[in-house]
2 protein chains.
Amino acid sequence: MTKPEVRSRGVRSTAEAQRVRILARAVEVFARSGYRATPVTDVALEANVSTAYVFRLFDGKLGLFVAAVDECYERIAAAMTAGAEKSAGTGSAELLDAMSTAYVALIHDRSLIALQVHAQSACDVPEIQEAVRRGIAKVVRTVSAASGADDDAVQRFLAYGQLCHLIVQAGLGDVDSSWARLVDHGIRHD
Amino acid sequence: MTKPEVRSRGVRSTAEAQRVRILARAVEVFARSGYRATPVTDVALEANVSTAYVFRLFDGKLGLFVAAVDECYERIAAAMTAGAEKSAGTGSAELLDAMSTAYVALIHDRSLIALQVHAQSACDVPEIQEAVRRGIAKVVRTVSAASGADDDAVQRFLAYGQLCHLIVQAGLGDVDSSWARLVDHGIRHD
DNA sequence: GTTGTTTGTGACTGGACAGTCACTTGTGTG
DNA sequence: CACACAAGTGACTGTCCAGTCACAAACAAC
């Protein structure tokens with residue numbers, strides 16, 4: 001209030017930088033065991049700050065988790081867009097394929113998949129359900145716009161994406177049985 | 001040991017009946033908030049027994065949850081089989097469609113969907129991952145055998161089933177936006 | 001150097017929950 | 001009745017965890 005004109009000058013707020021750092025850690029740590037089973041302490045530990053500080057920067061555990069989920073979908077949408085740009089000028093099928101490739105590369109460490117699944121499972125908390133809706137909306141709009149594919153193709157893209165999540169979570173890639181190969185067939189992951 | 005010949009006679013063990021009763025409750029209650037967020041006390045309360053008794057009948061909370069997941073997939077496979085039997089003698093596409101219909105009817109109360117999603121999310125616990133694998137194996141084998149459809153069709157069946165789970169968990173049926181309608185289009189639920 | 005602001009923490013609290021154990025009650029058998 | 005055994009529970013314990021609060025240290029401004 002006293003010095004409104006100084007705000008845009010000088011050093012960037014360190015607190016904001018910490019927020020970003022901690023958020024990146026939160027994505028990883030929450031991805032391991034989900035919302036309920038992950039203590040905020042674990043995130044703090046991984047980020048080398050105190051638990052109290054995490055609570056100061058985020059609105060409770062729920063706020064932290066929601067922020068992590070938003071960040072997760074943000075990254076996914078960004079990767080999709082980037083992937084599509086590399087195949088610019090080709091047909092929509094090729095563009096969807098390029099986006100698949102980008103997604104597969106992005107989720108090589110399973111954090112983003114796991115976090116999506118955990119968020120989907122925690123949808124009984126309204127704020128989390130809203131975050132999931134925001135995320136899906138963002139992905140759908142990104143994929144539709146960047147590929148130009150028709151609605152059915154985009155829907156199919158999502159459906160097989162969900163199947164991919166199941167495969168990864170259940171570790172079906174490591175199961176050597178005919179049923180597992182059926183589920184797994186043609187789906188890229190790892 | 002003392003009276004092996006009496007075992008098959010007389011009254012069916014009441015403890016076994018309780019196990020079944022409690023298990024049915026566990027499916028419902030775990031479906032609400034998942035493995036970690038659901039106290040065993042809630043299951044006991046819903047089944048009108050003491051917490052201590054639930055622990056006596058099941059091998060810890062984990063044993064109870066795993067049993068619930070197994071029960072869940074058991075019911076799904078049974079419903080699929082029953083649905084297919086009603087359309088016996090038709091083509092595999094019609095049989096898959098009949099199974100979809102049976103599944104949609106079965107999951108009218110969302111317990112079985114929610115429990116599958118929760119289980120998928122709790123796959124970081126090895127015993128739960130194994131239960132999920134068992135369940136998927138059972139469903140895949142049931143669908144393949146009962147429909148006679150080729151592998152790709154079965155895989156597609158699963159993929160769109162997973163998409164259905166996402167729609168239900170995120171409540172996309174209640175969202176009035178174009179992106180939600182894209183995701184939702186042609187998928188039966190409710 | 002004192003006053004104010006921001007970054008950051010140690011130490012704590014209150015509640016929830018998994019699992020146990022000693023105990024009671026019911027029931028069939030000799 | 002006495003005995004054994006199964007069904008069933010109340011009361012407890014130890015632990016973990018979300019969130020708070022009073023305080024410290026750095027840094028800026030005057």
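Lettering follows sequence order; numbering is per chain, from 1.
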Going by heavy atoms in the side chains, are B/D151 and A/H185 under 4.5 Å from each other? no
Measure up the A/H165 and A/Y103 rings against each other and bin them: parallel (under 30°), tilted (30 to 60°), perpendicular (over 60°). tilted
Aromatic ring pairing B/Y160/A/Y160, orientation class (parallel under 30°, perpendicular over 60°, tilted between): perpendicular
For the pair made of [atom1] in [X] and [atom2] in [N], what is the distance, rounded to whole Å?
{"X": "B/I22", "N": "D/dT9", "atom1": "CD1", "atom2": "C1'", "result": "13 Å"}
{"X": "A/R21", "N": "C/dT7", "atom1": "CZ", "atom2": "P", "result": "14 Å"}
{"X": "A/L62", "N": "D/dC17", "atom1": "CG", "atom2": "P", "result": "18 Å"}
{"X": "B/F58", "N": "C/dT20", "atom1": "CZ", "atom2": "C1'", "result": "18 Å"}
{"X": "B/K61", "N": "C/dT20", "atom1": "NZ", "atom2": "C1'", "result": "17 Å"}
{"X": "B/N48", "N": "D/dG10", "atom1": "CG", "atom2": "P", "result": "12 Å"}
{"X": "A/D59", "N": "D/dA18", "atom1": "CG", "atom2": "C1'", "result": "13 Å"}
{"X": "B/L45", "N": "D/dG10", "atom1": "CG", "atom2": "C1'", "result": "14 Å"}

Looking only at the side chain of [X] (C-beta and beyond, no hydrogens), which of the listed nucleotides [options] gets closest?
{"X": "B/R56", "options": "C/dG8, D/dG8, D/dG19", "answer": "D/dG8"}
{"X": "A/A52", "options": "D/dC17, D/dT9, C/dG10", "answer": "C/dG10"}
{"X": "B/S50", "options": "C/dG8, C/dA18, D/dT9", "answer": "D/dT9"}

Would you find more than 12 non-hydrogen atoms of other residues, nucleotides or ligands less than 6.0 Å from A/D109 atom CG? yes
DNA chain C nearest-nucleotide lookup for A/Y53 and B/F55: closer to the 5′ end is A/Y53
Would one find a side-chain N or O of B/Q18 under 4.0 angstrom from OP1 or OP2 of D/dA7? no
